[in-house]
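A short write-up of the structure that comes next.
Lettering follows sequence order; numbering is per chain, from 1. All of these numbers come straight from a predicted model, not from anything done at the bench.
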Amino acid sequence: MQEEDKKKPLSKEAFVAMLEKVAFFLELEGADPFRVRAYEEAKRALQASEVDIGDIAQDKAKVKGIGKHIQELIREYLATGGLGLLEQLTQKYPVSLLELGKIPGLGIKKIKALYDALKVSTPEELRYAIEENRLLGLEGFGIKTQETLLKHLFLYEERLGAVLLPTGDAIWKTLQDGLQERLPEVRLFPAGELRRRCPVLAGIDCLAVASDPALLWKALDEPFPILNDVVKQADEAIVGKGDGGVRVALTSVSARSFPTRYFFTTGSSSHVEEITRRLGAGGYSMAPEGIHTHGEEKPVELRSEEEIYALVGLPWIPPELREGLVEFDPAVLKNLPDLVSQSDIQGALHVHTRFSDGMDELEAMIAHARSLGLAYIGISDHSKSAYYAGGLTQEKLFEQKKQIEGLREDFPEIRIFHGIESDILPDGSIDYDEAVWKQLDFIIASVHSHFQMDKTAMTERVLKAIRNPYVTILGHPTGRLLLAREPYAIDLEAVIQEIARLGKAIELNAHPQRLDVDYRCATTLLASGVFVSINPDAHQRSGLTDIRYGVDVARKAGLPKAHILNALTACEVGEFFMRQGL
DNA sequence: GCCGTTTTCGGCCCGACTGTTTTCAGTCG
């Protein structure tokens, strides 16, 4: 039994993590690839499903992808907290090999070769072996492979301890619930990157306002869920590690110093610097413990962050915006009341179904969108060139169209748009032809292959695609996967300008691993006046609510409601679509 | 290991790129 696994409480997540390990080590052993895939599929199926694993164990529920054997594994897990199969597998190979699997360029075969020949089993050992040029002696490894691996190792190390926003939210929630249970009178606040809703978090900073900090530390003496490797720092902060190895810091502050501490801890540093500069110009000096009028010993009495901003004649600036990018721009400040918010979102465009690589049926996706109160949904499965994602042949696309026409009658409360997410082919063309395009409500054009083109060629490719009169939205404009894949080279500014000129929309893909287009494009997005569509890119029902992360990022870019395509009503979006292809 | 109903065995996504080769293996999306 893996000790680390056994300690954790029984949960679907923990079981899913075990399935992932089983698949990895089976593949390492050279098991039948389809058997390996069955475990991977089971993992995906469980993650996508809302069914409780207890119900599967007791035959009360059935999930596609979970057969007799994995049902047995669930029973074993629920009874013992572990899996004999995994125990067997990890006796032959060190568990740390899983870590090597996170380094791009290293697949199972290379990992096995590295371990069998060189006993390399951790990223650190890999770095050492590369520095000693020991990989060159292995079959299939050459100088280029070594160089690429070294490059990826740097990126891997950079990402260590960094987590995506949903993980940050989950850690925060566990921390908050747990502490609140032990100490109901303590008030807790997320600060730092979490409060600024940064797509990638290097740390999670929280503040606690407690009448007696000693009680707080005492409550934390007992082992605490999600907070591992705890070290106490000075008297006022406790620092540990959360899931993904991310640094978690909880700082105790007094009620009196809270407003300034909250402001300081929230950051960003460039935002804090600018406010400090303005305070200095206005005759104040600023420190985390409080703000002083020049020459005065006693700090200015402050009850809220609003009052800090008021001292320099600014409205309260929402934390998402505090990146030192556009928030001091008078036009942005003027638009603050209209900054897009979750309640402005009227519909979800860019939704996949089981027609291509989605996990849920067309009808289930529509029903879920309706239950979320959305006024419209835009179905856009993959186009035929996306083989790997089960892209739709023309016949399948028309079959889907027919089904949608039927469903429009079953779901009168929600408008259903039928579109496609078409691959942008290397020459900038898109799938199908005009006769097909004409029959769709909208087309999202996205790059899914040939990422390695140079910047000029890639920019030309994308420009050509969006100039196709039938293309409505450019999907995930840089193709990046946060903490996993770098963006491809592209002149985004030129692309944004062109989309704006054409009166089309750019996607802000709200999948937490994409959040693409990046908020750092704020200046260009705002100045161009381009429509931004905050799309869930949902591959299952639960993916629809990812839109909230997109809203966070849109707010970071200072985008007002008027910039957001899916803040329009169903009728207005319908008209917007009608204008394309003319 | 899972699925399916032309099924209880046979099929399960596949093309492109990279780097290593000298005809292909590994990785990726």
A:E20-A:Y39 side chain donor-acceptor pair, cut-off 3.5 Å: no
Spacing between A:H448 atom NE2 and B:dA16 atom P, to the nearest angstrom: 17 Å
Rounded distance (Å) that lies between atom C1' of B:dG26 and atom CD of A:E27: 11 Å
Ring pair (Phe, Tyr, Trp, His ring centres under 6.0 Å) partners of A:Y376, counting only residues at least two apart: A:F417
Pairs: protein N or O with nucleotides 18-20 of chain B N or O, under 3.5 Å:
unit_1 : atom_1 : unit_2 : atom_2 : d
B:dG19 : O3'    : A:T145 : OG1    : 3.2
B:dT20 : OP1    : A:G142 : N      : 2.6
B:dT20 : OP1    : A:G142 : O      : 3.0
B:dT20 : OP1    : A:I143 : N      : 3.2
B:dT20 : OP1    : A:K144 : N      : 3.3
B:dT20 : OP1    : A:T145 : N      : 3.2
B:dT20 : OP1    : A:T145 : OG1    : 3.0

Nearest-angstrom distance, C1' atom, B:dT8 to B:dC2: 13 Å
Residues in side-chain hydrogen bond (donor to acceptor under 3.5 Å, both in side chains) contact with A:R354, at least two apart in sequence or another chain: none
Please tabulate, for side-chain N and O atoms in residues 504-512 of chain A, each donor-acceptor pair with protein atoms closer than 3.5 Å (sequence neighbours left out).
unit_1 : atom_1 : unit_2 : atom_2 : d
A:K504 : NZ     : A:I466 : O      : 2.8
A:K504 : NZ     : A:N468 : O      : 2.7
A:K504 : NZ     : A:V471 : O      : 2.8
A:E507 : OE1    : A:H476 : N      : 2.7
A:E507 : OE1    : A:N509 : ND2    : 2.9
A:E507 : OE2    : A:H350 : ND1    : 2.6
A:E507 : OE2    : A:N535 : ND2    : 2.8
A:N509 : OD1    : A:H511 : N      : 3.0
A:N509 : ND2    : A:D537 : OD2    : 2.9
A:H511 : ND1    : A:Q513 : N      : 3.0

P gap between B:dT20 and B:dT27, integer Å: 13 Å
Whole-Å gap separating C1' (B:dC3) and CD (A:E40): 17 Å
Listed pairs, N/O of protein and of nucleotides 9-12 of chain B, under 3.5 Å:
unit_1 : atom_1 : unit_2 : atom_2 : d
B:dC12 : O3'    : A:R37  : NH1    : 3.2

Rounded P spacing from B:dG10 to B:dG15 in Å: 25 Å
Spacing of A:R35 atom CZ relative to B:dC3 atom P, expressed in whole Å: 16 Å
5' priority, DNA chain B, between A:P426 and A:K62 [closest heavy atom]: A:K62
Side-chain donor-acceptor distances from residues 543-554 of chain A under 3.5 Å, at least two apart:
unit_1 : atom_1 : unit_2 : atom_2 : d
A:T545 : OG1    : A:S542 : O      : 2.9
A:R548 : NH1    : A:T545 : O      : 3.3
A:D552 : OD2    : A:R197 : NE     : 2.9
A:D552 : OD2    : A:R197 : NH2    : 3.2

Nearest-angstrom distance, P atom, B:dT23 to B:dT18: 22 Å
Residues forming a ring pair (Phe, Tyr, Trp, His ring centres under 6.0 Å) with A:F355, sequence neighbours excluded: none
Spacing of A:K43 atom NZ relative to B:dC2 atom C1', expressed in whole Å: 17 Å
With sequence neighbours excluded, residues passing salt bridge (Lys or Arg N to Asp or Glu O under 4.0 Å) with A:K62: none
A:H69 side chain near B:dG1 phosphate (N/O to OP1/OP2, under 4.0 Å): yes
B:dG15 - base-pair partner by Watson-Crick or wobble geometry, distances under 3.5 Å: B:dC28
Residues from residues 98-124 of chain A lying under 4.0 Å of DNA chain B - heavy atoms: A:P104, A:G105, A:L106, A:G107, A:I108, A:K109, A:K110
Spacing of A:L135 atom CG relative to B:dG26 atom C1', expressed in whole Å: 15 Å
Geometric cation-pi criterion, A:K438 with A:Y470: 6.0 Å, 45°: no
A:H448 and A:H382 aromatic ring geometry - parallel, tilted or perpendicular at 30°/60° bounds: perpendicular
Euclidean distance, atom CG of residue A:L83 to atom P of B:dG1 [Å, nearest integer]: 13 Å
Set of side-chain hydrogen bond (donor to acceptor under 3.5 Å, both in side chains) partners for A:S11, sequence neighbours left out: none
B:dT21 and B:dG26, which share atom name P, separated by this distance in whole Å: 12 Å
Partners meeting side-chain hydrogen bond (donor to acceptor under 3.5 Å, both in side chains) with A:R75 (sequence neighbours left out): A:E72
A:S371: partners by side chain to side chain contact (heavy atoms under 4.5 Å, CB included), with sequence neighbours left out: A:H368
Between P of B:dC17 and CG of A:L425, the distance in whole Å: 12 Å
Selection from B:dC17, B:dC2, B:dC3 that lies nearest to any side-chain heavy atom of A:H450: B:dC17
